[in-house]
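Data block below; observations after.
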Number of protein chains: 2
Amino acid sequence: MLVAVDCVIFGFDSDTLKLLLIKRGFEPQKNKWSLMGGFVQPNEGLDSAASRILEQLTGLSGVFMEQLFAFGDPRRDSMERTISVVYYALVDIGQYKKQLSEDYHAEWLPLTEIPQLIFDHNQMVEMAHERLQYKAALHPILFELLPARFTIRQLLDLYESVYGKELDKRNFIRKLQSSKLIIRQKEKEKGSSKKGAFFFKIDKRKYPFSLKSFISFLPTKEIFH
Amino acid sequence: MLVAVDCVIFGFDSDTLKLLLIKRGFEPQKNKWSLMGGFVQPNEGLDSAASRILEQLTGLSGVFMEQLFAFGDPRRDSMERTISVVYYALVDIGQYKKQLSEDYHAEWLPLTEIPQLIFDHNQMVEMAHERLQYKAALHPILFELLPARFTIRQLLDLYESVYGKELDKRNFIRKLQSSKLIIRQKEKEKGSSKKGAFFFKIDKRKYPFSLKSFISFLPTKEIFH
DNA sequence: GCAAAAGTGTTCGCAGTACACCCATGA
DNA sequence: TCATGGGTGTACTGCGAACACTTTTGC
C-alpha cells in the first residue's frame, strides 16, 4: 500500500485568502490542478515528509503546519491503492519567492475560485478550510499568514476573508487589545491611507503559549455559523 | 509500507473513565497490553477498517467514532515500517457484553491506571484523551458514553472524570437545561439515593444538529486548563 | 427525626454587542 | 477644505460565576 502526503497551503495577499496549487507537469493527470504532494520515504516520518514537500514547492521551512486528516478510500486514487495523509500550512505569501515553473507550475489561486482538482483533493481543501475556521476561532493562528509586522486592518481583512463575513472593527480591536498579544510599533504603514496605520507585532513571549489557549477575536455566538 | 488502524475505546462506568485494552495473545509483543488494532484490507476504507476492528472487539456497531491522528514515525514499530491511523470511540460500557477472552484478553482499565503499552500506544491514548477534552468542551459528545436513559448525576460525574476536576452542580444543570437538549422522563432512578433522581434522555431531534454546534457545559474560562 | 442526595434560586460583575463620532493627513 | 481611512468611547444587556437553602424519603 502506498502512503502519500498532500499539502493544503494557505496564503493571504492583503485582500483574499489563497491556496498554492500546482498544474501537474507529469503523468498521471498531467496538466490538471492538484495539491502539492509526494510519497513518504522509507526513513521519513509523516511530519518530515510534509515539511520536505512544502519546502520543495515554496523554499520555506519552519512554517506553521499541522496534520489535517488521513484519506484512505480504496477508490480515491484510480491507479493504485494509496493512503494520503493531508497537512495544511499557513505561510506568509510575501515570503514566497521561489520560481519552480519548470518542475511544477505553481500558482496562488483565491480560495473562492478553486478549479476542479484531481482525485479527492477538492474534498481535502474543503476540510482544510473548515479546520482553519474552526481552529482560528479559538486560537490565534491566523497571524501565521501575515508578515512579522502588520496593521490592524490587514488582520481584520484576513479574519473577514477566512470567515467570509464582515466583523465590527471596534469590537475586534478591543478584543485584540485585551488579549495583550500584539505590540504596537513606532512605525506606520503609509501606503493605503493618508493618516497612516500603526504596525503591530506579536508578543513572542506570549504567543507560543496562547496558541494552546482559548482566545477568540470573533463574536462568540457566531463561532460556528 | 503497512497501514494499520488502532482504536482508543473509551467507556464510563458511572464513576471512572476507562479504556478497553487487550493483552495480546499473539506475537509480536505477546502478553503485553495494547490498543486494539489491525491492518487495513485492500478493499476497505480507513473508517470501515476502524468500525470492523471495533466490532471484532466489542460486538458493537453504530458507535461514535472519529479519526484522531496518523502516526508514522519510521521507528514506531520495531519490526516493519507501519503507518497507524488512530481512531477513538465512545461506547456505552453497559452495552459491552462480549466474551472474547480466547482471542483477545480484553479489559476495561481506568484511564488513570493505564499500564505501559506497546509501541507508541501510550502516546495515542494521551492524544485521544486531550482530543476528548477539547471536543467535549465545545460539543455534547459525552452523551455517547452513557446509556439512553441517564441521570444528571451520572452526566456530571462523567464530565468531572473527563476533566479531572469538580464542577458546580447548579451551574452545570442550568446550562444543561438552557440547551434544551435533554428531556426529563417520568421514571426515577432509585438506587443511589432515597429521594430518587429523574432519568433524562437526549432530544433526538436536536442532538445530531447540536453535535456540530458550539455547546459548552463547562465554565468557559477553564475550557482548556 | 435524621442523614443523604436531589433539586431549585438569587445576586453580582463583566464580557460581548451595538452603535457614532473625532483625528490626522495628503491632495 | 475635504475626502479617506485610522482609531477611540459608551451604554446596555444577558450570560456566567459564585454561593446556600429546601425537599424528599428510607432507615
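In what follows, chains are A, B, ... by sequence order, proteins preceding strands, each numbered from 1.
- At whole-Å resolution of the value, CD1 in I182(A) and P in dG7(D) are 10 Å apart.
- Taking 3.5 Å as the limit, the base of dT10(D) and the side chain of R174(A) contain a donor-acceptor pair of atoms between them.
- If you measure from atom CG of D168(B) to atom P of dT10(C), you get 16 Å, rounded to the nearest angstrom.
- The distance between atom CD1 of I173(B) and atom C1' of dA17(D), rounded to the nearest whole Å, is 15 Å.
- Among dA6(C), dA18(D), dG7(D), the nucleotide with an atom closest to any side-chain atom of F198(A) is dG7(D).
- Atom CG in D157(B) sits roughly 9 Å away from atom P in dA6(C) (whole-Å rounding).
- The residue among G196(A) and K175(A) whose nearest nucleotide of DNA chain C lies closer to the 5′ end is K175(A).
- In this structure, the side chain of D92(B) does not engage the main chain of G11(B) through any donor-acceptor pair within 3.5 Å.
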Donor-acceptor contacts, no H, no angles, side chain residues 179-187 of chain A, under 3.5 Å, sequence neighbours left out:
residue	atom	partner	partner atom	Å
S179(A)	OG	L176(A)	O	2.5
S179(A)	OG	L181(A)	N	3.2
E187(A)	OE1	R149(A)	NH1	2.9

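- A salt bridge links K135(A) with E66(A): at least one charged nitrogen is closer than 4.0 Å to a carboxylate oxygen.
- A centroid separation of 6.0 Å or more is found between the aromatic rings of F10(A) and F12(A).
- Among the nucleotides dC19(D), dG7(C), dG26(D), the one closest to the side chain of K190(B) is dG26(D).
- Phosphate proximity of dG7(C) to Q177(B): absent, as no side-chain N or O sits under 4.0 Å from OP1 or OP2.
- The aromatic ring centres of F143(A) and F150(A) sit less than 6.0 Å apart.
- Near DNA chain D, meaning a heavy atom under 4.0 Å from it, residues 145-153 of chain A has R153(A) in order of number.
- One atom, CZ of F200(B), and another, P of dG7(C), lie 6 Å apart when rounded to the nearest Å.
- Rounded to a whole Å, the CZ atom of F172(A) is 14 Å from the C1' atom of dG7(D).
- Regarding K169(A), its NZ atom lies at a distance of 14 Å from the P atom of dA20(C), rounded to whole Å.
- Within the nucleic acid shown, S178(A) has no heavy atom closer than 4.0 Å to any nucleic acid atom.
- Side-chain N/O atoms of R170(B) and base N/O atoms of dA20(D) include a donor-acceptor pair closer than 3.5 Å.
- Protein atom CD1 of I215(B) is 15 Å distant from nucleotide atom C1' of dC15(D), rounded to whole Å.
- Each of S193(B) and K194(A) was assigned the nucleotide of DNA chain C with the nearest heavy atom; the assignment lying further toward the 5' end belongs to S193(B).
- At a cut-off of 3.5 angstrom, counting only N and O atoms as typed in the model, there is a donor on one side and an acceptor on the other between the side-chain of K195(B) and the base of dA6(C).
- Looking only at atom types and distance, the side chain of E107(B) has a donor-acceptor partner in the side chain of H105(B) under 3.5 Å away.
- With no hydrogens or angles considered, no side-chain donor-acceptor pair links T58(A) and E55(A) at under 3.5 Å.
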